Q: 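Pasting a structure below so you can have a look.
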Amino acid sequence: MVDESVIAAVAGLSVTASLPFLLYGAWIMIDTEVVTWNVLTRHLRYILVGLLLTTVPVVTWMLPRILGQLSGGAVVHAFFGLQAYALLTFALTGIVRIFQAKRDADAYEDPDVDIDEIHEDMGHWRSRLRVGVAGFMILWLCAWLSGLYRFYNLHLAQFL
């Protein structure tokens with residue numbers, strides 16, 4: 001059987017490896033003046049890899065073990081992680097509406113379309129998206145840092 005410390009290290013490395021993908025995917029959207037279909041799909045490829053690198057260890061290893069580790073550090077780590085995913089869900093409610101409106105107006109194909117004029121609620125949806133993504137990243141970083149702290153305390157401190 002593989003030692004728990006090794007599995008924890010692999011899970012931590014996977015989550016850590018997701019950060020560059022999430023940041024670069026966000027940078028693609030921040031740096032782009034007009035979001036075309038090609039820009040959107042390029043952005044989504046990076047974001048999906050980042051989310052998979054984070055979500056797979058959470059679902060397959062961290063969540064099944066949380067009830068057996070109800071320490072203060074585990075609760076803080078789980079709190080930040082769950083709140084991050086809650087804000088990601090909040091962002092998705094804006095993303096889905098923006099995608100639908102842009103798709104219906106062929107705004108991905110016609111870069112001259114002003115997306116604020118596509119739908120009366122576009123500003124609200126874009127705000128929801130921004131708040132959700134920014135909140136996800138801030139809380140993701142808090143969960144990551146608290147996870148590193150827990151990893152150190154549980155698996156490394158005994159050797160130092």
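Treat the numbers as computed from the prediction; the structure is a model and nothing was measured.
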Q: Check the angle between the aromatic planes of Phe151 and His155 and answer parallel, tilted or perpendicular using the 30° and 60° thresholds.
A: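 Ring orientation, 0 to 90° scale: tilted.
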Q: Please report the shortest heavy-atom distance between Gly81 and Ala143, naming the atom on each side.
A: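 Gly81 and Ala143 have their closest heavy atoms at N-CB, 3.6 Å.
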Q: Keeping the roles fixed (side chain from His77, backbone from Gly147), state whether a donor-acceptor pair exists under 3.5 Å.
A: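 Yes, His77 side chain to Gly147 backbone: donor-acceptor pair under 3.5 Å.
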Q: If you compare all heavy atoms of Tyr46 against all heavy atoms of Gly25, which two are closest, and at what distance to 0.1 Å?
A: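 Shortest heavy-atom contact: CB-CA, 3.9 Å.
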Q: Specify the closest pair of heavy atoms between Ala11 and Met62, including all atoms of both residues, with the distance to one decimal.
A: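 Closest approach of Ala11 to Met62, heavy atoms only: CB-CE, 4.2 Å.
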Q: Side chains of Glu4 and Arg65: does their closest heavy-atom pair fall under 4.5 Å?
A: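 Heavy-atom side-chain distance check passes, below 4.5 Å.
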Q: Would Leu48 and Ile98 show up in the same hydrophobic cluster when neighbours are defined by side-chain heavy atoms closer than 4.5 Å?
A: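 No, no single cluster joins them.
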Q: Mind checking whether Asp121 and Arg97 have side chains closer than 4.5 Å, heavy atoms only?
A: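 Heavy-atom side-chain distance check fails, nothing below 4.5 Å.
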Q: Using modelled atom types and a 3.5 Å cut-off, is there a donor and acceptor pairing between side-chain atoms of Thr93 and backbone atoms of Phe90?
A: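 Yes, because the side chain of Thr93 sits within donor-acceptor range (under 3.5 Å) of the backbone of Phe90.
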Q: Please tell me whether Leu22 and Trp27 are part of a single hydrophobic cluster in this structure, the criterion being side-chain heavy atoms less than 4.5 Å apart.
A: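 The answer is no; the residues belong to distinct hydrophobic clusters.
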Q: Tell me, do Val10 and Trp61 make a side-chain contact under 4.5 Å, heavy atoms counted?
A: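 Val10 does not reach Trp61 side chain to side chain.
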Q: Under a 4.5 Å cut-off applied to non-hydrogen side-chain atoms, are Lys102 and Val113 in contact?
A: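 Side-chain contact under 4.5 Å: no.
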Q: Anything under 30° is parallel, anything over 60° is perpendicular, the rest tilted; go ahead and classify Phe99 against Tyr108.
A: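 If you compare the ring of Phe99 with that of Tyr108, the planes turn out tilted.
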Q: For Asn38, is there any backbone N or O sitting under 3.5 Å from a side-chain donor or acceptor partner on Thr41?
A: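 Flag set: sc Thr41 to bb Asn38 pair under 3.5 Å.
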Q: Starting at CD1 of Ile28, measure out to CG of Leu23 and round the result to the nearest 0.5 Å.
A: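 Rounded to the nearest 0.5 Å, the CD1-CG separation comes out at 11.5 Å.
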Q: Any side-chain heavy atom of Glu117 within less than 4.5 Å of one from Asp114?
A: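 The answer is yes; the side chains approach within 4.5 Å.
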Q: Should Leu19 and Met137 be marked as a side chain to side chain contact (heavy atoms under 4.5 Å, CB included) after you check the CA-CA gap, both sets of side-chain angles, and the distance that decides it?
A: CA-CA 9 Å; Leu19 182 60; Met137 285 309 303; 3.8 Å; yes
Q: Any side-chain heavy atom of Thr36 sitting closer than 4.5 Å to one from Glu109?
A: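 Not in contact.
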Q: Answer yes or no on whether Arg103 is positioned over the face of Trp37, meaning its NZ or CZ is under 6.0 Å from the six-membered ring centre and within 45° of the axis.
A: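 Yes, cation above the ring, under 6.0 Å and within 45°.
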Q: In Å and rounded to the nearest 0.5 Å, what is the OG to CG distance from Ser5 to Leu154?
A: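 Reported to 0.5 Å precision, the distance equals 8.5 Å.
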Q: Please determine whether residues Ile47 and Val49 belong to a single hydrophobic cluster, defined as Ile, Leu, Val, Met, Phe, Trp and Tyr linked transitively by side-chain heavy-atom distances below 4.5 Å.
A: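 Different clusters.
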Q: Report the distance from atom OH of Tyr24 to atom CZ of Arg42, rounding to the nearest 0.5 Å.
A: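 Tyr24 OH to Arg42 CZ: 3.5 Å, rounded to 0.5 Å.
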Q: Run the ring pair (Phe, Tyr, Trp, His ring centres under 6.0 Å) test against His43 and tell me which residues pass, sequence neighbours left out.
A: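 Partners of His43 under the ring pair (Phe, Tyr, Trp, His ring centres under 6.0 Å) test: none.
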Q: Search all heavy atoms of His119 against all heavy atoms of Ala101 and return the closest pair with its distance.
A: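 Minimum heavy-atom separation between His119 and Ala101: CB-CB, 4.5 Å.
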Q: If only atom types and distance count, is the side chain of Thr54 paired as donor or acceptor with the main-chain N or O of Leu51 below 3.5 Å?
A: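 No; zero donor-acceptor contacts below 3.5 Å.
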Q: Contact between Ile138 and Leu141 at the side-chain level, heavy atoms closer than 4.5 Å - yes or no?
A: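 No, side chains not in contact.
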Q: Say whether Ile30 and Ile95 are linked into one hydrophobic cluster, either directly or through other cluster members, by side-chain heavy-atom distances under 4.5 angstrom.
A: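 Not linked; separate clusters.
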Q: Got a sec, which residues hit ring pair (Phe, Tyr, Trp, His ring centres under 6.0 Å) with Phe21, two or more places apart in sequence or on another chain?
A: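 Residues passing ring pair (Phe, Tyr, Trp, His ring centres under 6.0 Å) with Phe21: none at all.
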Q: Looking at Met122 and Ile115, what are the two nearest heavy atoms and their distance?
A: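 Closest pair (atom of Met122, atom of Ile115, distance): CG-O, 3.2 Å.
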Q: Taking all non-hydrogen atoms of both residues into account, name the closest pair between Leu53 and Ser14 and its distance.
A: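 Closest approach of Leu53 to Ser14, heavy atoms only: O-OG, 2.7 Å.
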Q: For side chain to side chain contact (heavy atoms under 4.5 Å, CB included), just list the numbers for Phe80 and Val76, CA-CA rounded to whole Å, side-chain angles, deciding distance to a tenth of an Å, and then say yes or no.
A: CA-CA 6 Å; Phe80 284 133; Val76 168; 3.5 Å; yes
Q: Could you tell me whether the side chain of Val15 reaches within less than 4.5 Å of the side chain of Trp140, counting heavy atoms only?
A: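 Yes, their side chains come closer than 4.5 Å.
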Q: With hydrophobic residues grouped by side-chain heavy-atom distances under 4.5 Å, do Leu92 and Leu44 end up in a single group?
A: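 No; Leu44 is not reachable from Leu92 via cluster members.
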